[in-house]
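Inspection log for the structure reproduced underneath, given as structure tokens.
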Amino acid sequence: MTLPGEGGRKAGGGSAPFGRDVVLAVGLAGICFGGLAVFLKATAGAWALPLATALVLAVGVMLAKWSVSPVRRRSTAPPAPVPALHGDPYPAEVTAVPDVPAAGGVPDVGSGALDHAAADADGFEHAIAALCARDGCTPVEVVGGAGDLGADVIATTPDGLRVVVQCKHYADTHRVGSQDLQRFGGTCFAVHGADVAVVVTTSSYTTRALEYAAACGIVCVDGEALAAWTESAVAPPWESDSRDAAERVATA
């Protein structure tokens with residue numbers, strides 16, 4: 001874009017700065033000669049004439065240098081062209097690729113993954129998920145954590161049933177009580193949409209907990225039943241045989 005008056009300066013090649021120099025030089029010369037005239041009139045001495053002559057010559061030399069000095073002119077050459085960028089000038093952000101789980105979201109089902117006895121509370125959830133995957137569930141998700149509303153593992157059986165599992169990694173002396181079952185019972189069906197709700201523990205259940213589970217249709221797997229499930233000695237807890245067995249234990 002060319003501003004008003006800018007074109008004239010470009011076309012003149014810097015004539016405006018040169019004109020200002022000439023005006024300043026003439027003004028300075030007038031001041032020098034005026035001062036010299038006053039000085040000569042005041043002194044009126046013979047010795048003043050050589051001094052005045054030397055001053056006039058010095059001023060003249062300075063004015064000559066100033067008038068012929070080169071003037072820096074603004075470059076009118078166009079800016080160098082920006083080289084063209086080949087490809088996308090804004091490449092997509094490179095992010096680390098997360099580890100991709102096995103097809104269908106199936107967790108590791110090796111012998112180490114099934115060893116729930118050596119696992120901590122978090123590892124216990126993964127061990128239960130591995131058991132579900134071993135017995136044909138896919139996908140299998142470990143969803144336990146803050147705000148999980150009672151669901152630790154969610155799996156889909158080969159028959160398409162949605163299994164919601166709560167894991168209780170307790171010591172042998174710490175039995176799962178009715179309050180634990182009531183909290184899970186309030187969310188497993190209504191919130192998580194379970195077709196089969198399962199509670200798995202390394203310990204056992206109180207009588208009231210089993211009674212509540214039987215009334216709500218929750219399958220309870222204690223430490224002994226878990227060991228049998230791990231060894232494939234019994235059917236998975238989502239199959240009808242296991243649910244019937246759990247009901248018989250609860251009503252015994």
Any side-chain heavy atom of Asp159 sitting closer than 4.5 Å to one from Trp238? no
Please report the interatomic distance OG1(Thr156) to CG(Asp195), rounded to the nearest 0.5 Å. 9.0 Å
Nearest heavy-atom pair of Phe189 and Cys216: which atoms, and what distance? CE1-O, 3.5 Å
Check step by step if side chain to side chain contact (heavy atoms under 4.5 Å, CB included) holds for Ser203 and Thr173. CA-CA 7 Å; Ser203 63; Thr173 57; over 6 Å; no
Distance from Tyr212 atom OH to Thr206 atom OG1, nearest 0.5 Å? 12.5 Å
Keeping the roles fixed (side chain from Arg134, backbone from Thr230), state whether a donor-acceptor pair exists under 3.5 Å. yes
Heavy-atom closest pair, residues Gly193 and Arg162: O-CD, 3.2 Å
Which atom names give the shortest non-hydrogen contact between Ala129 and Val142, and what distance separates them? CB-CG2, 3.6 Å
Between Val199 and Val221, is any pair of side-chain heavy atoms under 4.5 Å apart? no
Check whether any side-chain heavy atom of Val143 lies under 4.5 Å from a side-chain heavy atom of Val153, and answer yes or no. no
Under the criterion side-chain contact (heavy atoms from CB on, under 4.5 Å), which of Leu161, Ile218, Val164 is the partner of Val196? Leu161
For the residue pair Asp122 and His126, what are the closest heavy atoms and their distance? O-CD2, 3.2 Å
Taking the side chain as everything from C-beta on, heavy atoms only, tell me whether Asp180 gets closer than 4.5 Å to Lys168. yes
Heavy-atom closest contact (Glu125 atom, Gly144 atom, distance): OE1-CA, 3.8 Å
With rounding to the nearest 0.5 Å, note down the distance linking CD1 in Ile154 to SG in Cys132. 11.0 Å
With the side chain counted from C-beta on, respond yes when Phe124 and Thr202 share a heavy-atom pair under 4.5 Å apart, and no when they do not. yes
Check whether more than 12 heavy atoms from other residues, nucleotides or ligands sit under 6.0 Å from atom CD of Gln179, and answer yes or no. no
Find out if a path of hydrophobic residues (ILVMFWY) with successive side-chain heavy-atom gaps under 4.5 Å connects Val165 to Leu149. no
Kindly indicate whether the side chain of Arg175, heavy atoms from C-beta on, has any atom under 4.5 Å from the side chain of Tyr205. no
Closest non-hydrogen atoms of Ala197 and Cys188, given as atom of the first, atom of the second and distance, are CB-SG, 3.7 Å
Going by heavy atoms in the side chains, are Tyr170 and Ser204 under 4.5 Å from each other? no
With a 4.5 Å limit on heavy-atom distance, are the side chains of Val176 and Leu181 in contact? yes
Separation between CD (Glu231) and CG (Leu226), nearest 0.5 Å, reads 10.0 Å
d(Thr201 OG1, Asp222 CG) to nearest 0.5 Å is 8.0 Å
